Amino acid sequence: MSDAGPARVSPGAELRHFITDIIDADVASGKWGPVGDSSVVRTRFPPEPNGYLHIGHAKSICLNFGLAERYGGVCVLRFDDTNPVKEEEEFVRSIIEDVRWLGFAWPGARDDDLKAGVRFASDYFQQMHDWAVELIRKGKAYVDEQTSEQIRAARGDLTTPGTPSPFRDRPVEESLRLFEEMVQGRHPDGSMVLRARIDMASPNMNLRDPVMYRIVNARHHRTGDAWHVYPMYDWAHGLEDSIEGITHSICTLEFENHRPLYDWFIDAINEGRGPGSAWGEKIHHPQQIEFARLNPSYIVTSKRKLRQLVEEGYVRGWDDPRMPTLSGLRRRGYTPESIRAFAAETGVTKFNGVHDIGWLERAVRDHLNKVAPRRMAVLNPLKVTITNWADGGEADRIEYVDVINNPEDPGAGTRKVAFGRTLYIERDDFMEDPPKKFFRLGPGREVRLRCGYWIRCDQVVKNEAGEVVELLCTYDPQTRGGESPPPDADGNVRKVKATLHWVAAAECIEAEIRLFDRLYLAERPGRESDNHLDDLNPESLRVMTGCKLEKALGERLGDEPAWSDGIRRFQFERLGYFCVDPDSTPGRLVFNRTVTLKDSWSKERARNP
RNA sequence: AGGGGAUUGGUGUAAUUGGUAGCACGACGGAUUCUGGUUCCGUUAGUAAAGGUUCGAGUCCUUUAUCCCCUGCCA
């Protein structure tokens with residue numbers, strides 16, 4: 001982990017919810033091992049390698065790995081790679097990297113070998129096949145030669161029972177033979193399937209003779225051409241859990257209807273098993289538990305929609321800082337700690353609610369506030385000339401003032417920042433005709449330049465178009481370091497109402513700064529129009545060029561924290577948190593705004609425009 | 001009456017299993033402040049509805065309402 005300090009909430013530590021209640025009871029009763037031994041707890045995170053992980057997955061990762069940490073058990077990273085036509089090796093890599101980035105490790109994980117200790121469902125294909133044969137022998141599965149259309153039509157609907165397949169009662173030997181032919185690739189895709197024989201009249205559609213295997217004559221990214229049939233989720237998942245000795249198999253609410261099937265398959269294998277049985281010993285039967293997935297406002301997490309954003313060019317890629325993918329959030333500047341804190345704060349329940357995305361923003365502000373070094377950067381520069389600069393010495397001299405690195409961390413110390421005759425301040429910090437509650441600079445007003453000097457605006461310089469292009473100001477040499485000047489003869493102390501950030505023209509660097517806003521304007525994108533694209537925010541990206549930054553941002557200073565992911569993050573005073581984008585080159589820095597600071601002035605302005 | 005799940009302030013969640021509805025965030029107000037940041041203090045507002053059992057109901061029972069999931073050879 002980084003030296004950047006802990007997030008506000010230590011993940012998984014003392015959080016309680018209905019799943020911990022279940023596990024506590026199991027530990028107390030000795031359901032999975034010796035009474036009181038919590039180290040037997042085994043969970044798993046089972047992504048399909050067909051896309052990038054997003055914030056919703058992060059919640060599941062934090063839950064599963066957090067539970068393992070809490071109980072002293074383990075959490076397995078297992079790829080559910082049962083569909084070769086949708087899955088790719090590239091996703092395996094990115095998923096592993098994302099889980100590691102969040103700060104979690106599984107048994108056997110190593111830094112020098114990304115895949116060390118990682119499990120794959122495809123490693124269990126032979127075992128699953130053998131169990132399928134066992135179910136055929138037990139009369140609990142059969143090969144169906146109907147077309148997929150016929151199967152669908154015969155399934156019935158929500159209120160009418162299905163009708164049995166004409167192949168439902170075919171001889172066991174025939175199913176056995178056909179299944180082996182399927183396995184060997186002797187039949188084309190879609191020509192037949194292996195189905196479980198359960199109940200065509202079940203009110204639970206999942207139990208109407210579900211498909212266990214389909215023929216897919218495609219190359220698998222790990223097993224190559226070894227298999228021509230691939231197991232369906234419902235058949236495979238519980239077996240994967242069983243093989244790995246998972247105790248608590250945690251999934252989302254939509255799998256609640258699948259639990260009877262999860263249990264049925266394992267029970268069917270176990271039927272007739274036991275000591276002395278020819279079938280063998282009973283296999284491990286994990287408990288499936290469902291919880292409500294994370295559902296944050298103002299974003300989408302559907303793989304289809306995320307892919308559409310990327311492929312149709314609404315964003316610049318899967319790691320576009322506006323994307324809710326972990327790679328996007330990482331590039332945006334979010335810390336693993338803040339994401340873990342967010343996941344912990346949203347709780348674990350069975351209630352399908354909406355989680356305010358503002359919580360995620362607050363989580364990263366909270367974390368970065370404590371650990372991010374402060375720097376000064378001017379997004380939209382307005383030139384300031386100190387007309388009486390010569391009062392304090394040579395007219396073209398540079399003075400170095402000590403600027404606080406982090407008021408939240410006295411140990412962070414100070415740095416030297418150049419101050420000179422020509423400066424830049426934020427254009428938004430000056431108003432020619434300021435309203436009552438605007439505290440910043442205006443004609444005749446005096447403000448403090450942070451850790452620099454107090455300046456007073458004497459004159460406004462405009463171009464032909466009437467735009468303000470420069471401010472002529474005087475400074476008070478007695479206010480060096482931003483200190484208050486001594487009281488006047490009558491004992492009155494002068495005060496300023498605002499402190500502004502600034503950079504000196506003589507010693508600054510230019511950079512591009514990318515400002516991001518929410519990708520969507522609607523709390524639930526697509527809710528109204530049924531098309532999430534209708535709710536896209538046309539101003540979600542604003543690229544600022546010619547920004548003026550203090551020189552220290554161009555080089556890595558010794559006081560910068562050793563971030564675990566190597567991403568340099570800062571607070572730009574009074575603006576927000578920013579990080580260095582990988583698009584940066586040595587001569588041309590690019591920063592991303594992670595999140596703004598809380599801004600009560602803009603709130604006030606919105607209230608009284 | 002197809003099946004399954006859910007419902008506590010604006011939001012997210014707790015409530016020792018029948019015993020004072022608590023916490024966090026937000027919003028609002030105030031204090032502090034060399035970041036209109038941070039921090040601190042205060043205010044705000046809730047058991048979906050109706051019946052019932054009980055000395056006592058968020059919790060138990062009945063009815064109703066609303067929302068989510070389920071008819072892939074996806075996961």
Side-chain angles (χ1 to χ4, degrees), chain A residues 9 16-17 46-48 50-51 80-83 85-87 144 146-149 151-162 189-195 202-208 210-216 229-230 232-234 236-237 251-260 290 292 295 297 303 345-356 358-359 362-363 365-366 369-370 374 376 403-404 406-408 437-440 447-452 454 479 481-484 496-501 571-576 596-605:
Chain A
V9 174
R16 302 204 42 78
H17 44 73
E48 184 188 13
N50 72 343
D80 208 4
D81 55 348
T82 57
N83 188 351
V85 302
K86 295 173 81 175
E87 297 155 6
D144 192 345
Q146 294 183 105
T147 64
S148 58
E149 291 75 23
I151 289 180
R152 187 182 341 113
R155 189 150 31 219
D157 62 29
L158 297 178
T159 51
T160 58
D189 287 18
S191 57
M192 51 186 76
V193 292
L194 183 70
R195 297 178 76 180
S202 173
N204 182 343
M205 301 295 286
N206 297 126
L207 263 21
R208 318 248 262 229
V211 173
M212 295 165 65
Y213 279 96
R214 77 284 211 188
I215 298 171
V216 183
V229 296
Y230 290 89
M232 300 289 291
Y233 170 87
D234 285 307
H237 203 86
C251 60
T252 46
L253 248 28
E254 68 267 31
F255 291 102
E256 224 154 11
N257 293 329
H258 295 244
R259 182 162 19 101
E290 310 86 16
N295 182 23
S297 57
K303 275 176 186 168
E345 284 172 350
T346 51
V348 179
T349 67
K350 293 178 79 104
F351 174 62
N352 251 319
V354 177
H355 302 89
D356 187 351
W359 285 44
R362 186 173 47 75
R365 274 193 200 106
D366 278 1
N369 174 51
K370 294 191 186 70
R374 271 56 169 174
M376 291 197 286
V403 181
I404 297 162
N406 187 351
E408 301 297 311
K437 290 192 174 170
F438 184 85
F439 305 144
R440 284 109 92 149
V447 296
R448 170 192 293 118
L449 295 182
R450 176 125 168 107
C451 297
W454 290 21
T479 59
E483 300 296 336
S484 295
V496 285
K497 287 172 91 174
T499 298
L500 309 186
H501 60 279
Q571 184 196 99
F572 290 175
E573 296 240 12
R574 303 207 307 130
L575 295 177
T596 62
L597 256 30
K598 228 168 87 180
D599 184 358
S600 55
W601 162 240
S602 70
K603 197 186 293 180
E604 166 66 28
R605 200 175 30 185

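Each chain gets a letter, A, B and so on, in the order its sequence line appears, and its residues count up from 1. Predicted model only: the values in this text are computed from it and were never measured.
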Here's a test of your reading of the structure: between Leu575(A) and Leu158(A), which maps to the more 5' nucleotide of RNA chain B? Leu158(A)

Out of A75(B), C25(B), C70(B), whichever nucleotide has its closest atom nearest the side chain of Arg362(A): C25(B)

In G52(B), glycosidic geometry as syn within 90° of 0 or anti otherwise: anti

Would you please confirm or rule out a distance under 4.0 Å between OP1 or OP2 of A6(B) and any side-chain N or O of Thr349(A)? no

Mind checking if Met192(A) touches a base, just sugar-phosphate, or nothing, with heavy atoms under 4.0 Å? nothing

What nucleic acid atoms does Gln571(A) come within less than 4.0 Å of, heavy atoms only: base, sugar-phosphate, or nothing? base

Please tell me if Lys497(A) has a side-chain N or O lying less than 4.0 Å from either OP1 or OP2 of G36(B). no

Is the shortest side-chain heavy-atom distance between Asn206(A) and Pro260(A) below 4.5 Å? no

For U64(B) versus A6(B), give the span between their C1' atoms, rounded off to a whole number of Å. 16 Å

Across the strands shown, which category fits Val193(A) at heavy-atom distances under 4.0 angstrom: base, sugar-phosphate, nothing? base

OP1 or OP2 of C73(B) under 4.0 Å from side-chain N/O of Arg155(A): yes

Just to confirm, is there a sub-4.0 Å distance from OP1 or OP2 of A27(B) to any side-chain nitrogen or oxygen of Lys603(A)? yes

Check whether any side-chain N or O of Arg365(A) sits under 4.0 Å from OP1 or OP2 of U35(B), and answer yes or no. no

Say we look at G10(B) and U44(B): how far apart would their P atoms be, to the nearest angstrom? 14 Å

Taking only the side-chain heavy atoms of Lys350(A) (C-beta and beyond), determine which of C74(B), G36(B), G5(B) contains the nearest atom. G5(B)

Whole angstroms only, please: what is the NE2-C1' distance between His355(A) and G12(B)? 6 Å

Is there a Watson-Crick or G-U wobble partner for A48(B) with both distances under 3.5 Å, and which nucleotide is it? U64(B)

Rounded interatomic separation in angstrom, taking CG from Asn295(A) and P from C67(B): 16 Å

Regarding U47(B), purine or pyrimidine glycosidic angle vs 90° from 0 gives anti

Expressed as a whole number of Å, how far does the C1' atom of U32(B) sit from that of G42(B)? 15 Å

Distance below 4.0 Å between Arg152(A) side-chain N/O and G72(B) OP1 or OP2: yes

Could you tell me how far C67(B) sits from A15(B) if I compare only their C1' atoms? Round to whole Å. 24 Å

Charged N to carboxylate O below 4.0 Å: is that the case for Lys350(A) and Glu256(A)? yes

Quickly work out the Asp189(A) CG to C73(B) P distance and round it to whole Å. 14 Å

Checking C70(B), U8(B), U38(B) against the side chain of Asn257(A) (C-beta onward), the nearest is C70(B)

Got a donor-acceptor contact below 3.5 angstrom from the Arg155(A) side chain to the Pro210(A) backbone? no

Partner lookup for A27(B), please. Criteria are Watson-Crick or G-U wobble with both distances under 3.5 angstrom; report none if nothing qualifies. U43(B)

Donor-acceptor under 3.5 Å (Ser202(A) side chain, Asn204(A) main chain): yes

Pick the C1' atom in G51(B) and in A57(B), then give their distance to the nearest Å. 14 Å

Atom-pair distance (CD on Glu48(A); P on C74(B)), nearest Å: 10 Å

Have a look at Glu573(A) and say if it touches a base, only the backbone sugar-phosphate, or nothing, with a 4.0 Å heavy-atom cut-off. base

Give Pro46(A) one of three labels, base, sugar-phosphate or nothing, depending on what nucleic acid heavy atoms sit under 4.0 Å from its own. nothing

Would the base of G36(B) count as contacting Arg440(A) through its side chain, where contact means a donor and an acceptor less than 3.5 Å apart? yes

Taking CZ from Arg259(A) and P from C69(B), how many angstroms apart are they, rounded to a whole number? 18 Å

Would you indicate which nucleotide in U35(B), A75(B), U71(B) comes nearest to any side-chain atom of Arg450(A)? U35(B)

Could you tell me whether the side chains of Asn295(A) and His355(A) share a donor-acceptor contact shorter than 3.5 Å? no

Nearest to the Pro203(A) side chain among G3(B), G36(B), G4(B), which nucleotide is it? G3(B)

Can you tell me, in whole Å, how much space there is between the P of A31(B) and that of U11(B)? 31 Å

Would you indicate, yes or no, if G3(B) has its OP1 or OP2 atom less than 4.0 angstrom from a side-chain nitrogen or oxygen of Ser202(A)? no

Closest-nucleotide 5' rank along RNA chain B - winner of Asp234(A) and Glu408(A): Glu408(A)

Just checking Leu449(A): base, sugar-phosphate only, or nothing, at a heavy-atom cut-off of under 4.0 Å? nothing

Side-chain contact check for Val211(A): nearest option of A75(B), C73(B), G37(B) is C73(B)

Within the structure shown, what part of the strands sits under 4.0 Å from Asp80(A) by heavy-atom distance: base, sugar-phosphate, or nothing? sugar-phosphate

Look at the side chain of Arg448(A) and the backbone N and O of Gly482(A), then say whether any donor-acceptor pair between them is shorter than 3.5 Å. yes

Regarding Gly353(A), tell me which of base, sugar-phosphate or nothing describes its non-hydrogen contacts under 4.0 Å with the strands shown. sugar-phosphate

Using the rule for Phe, Tyr, His and the six-membered ring of Trp, do Phe439(A) and G36(B) stack at under 5.5 Å and under 30°? yes

Phosphate OP1/OP2 of U13(B) contacted by Arg16(A) side-chain N/O (<4.0 Å): no

Is Lys437(A) salt-bridged to Glu604(A), cutoff N-O under 4.0 Å? yes

Just call it for Val354(A): base, sugar-phosphate, or nothing, with non-hydrogen atoms closer than 4.0 Å on any strand. sugar-phosphate

Is a side-chain N or O of Asp144(A) found less than 3.5 angstrom from the main chain of Met192(A), in a donor-acceptor match? no

Distance between the P atoms of A45(B) and U7(B), in whole angstroms? 25 Å

With respect to the phosphate group of G72(B), does any side-chain polar atom (N or O) of Arg214(A) fall under 4.0 Å of OP1 or OP2? no

P atoms of G36(B) and C41(B), separation to the nearest Å: 22 Å

Tell me whether Trp601(A) is stacked on the nucleobase of G36(B), counting only the six-membered base ring and applying the 5.5 Å and 30° thresholds. yes

Determine the contact category for Phe255(A): base if any of its heavy atoms lies under 4.0 Å from a base atom, sugar-phosphate if only primed atoms, P, OP1 or OP2 are that close, otherwise nothing. base

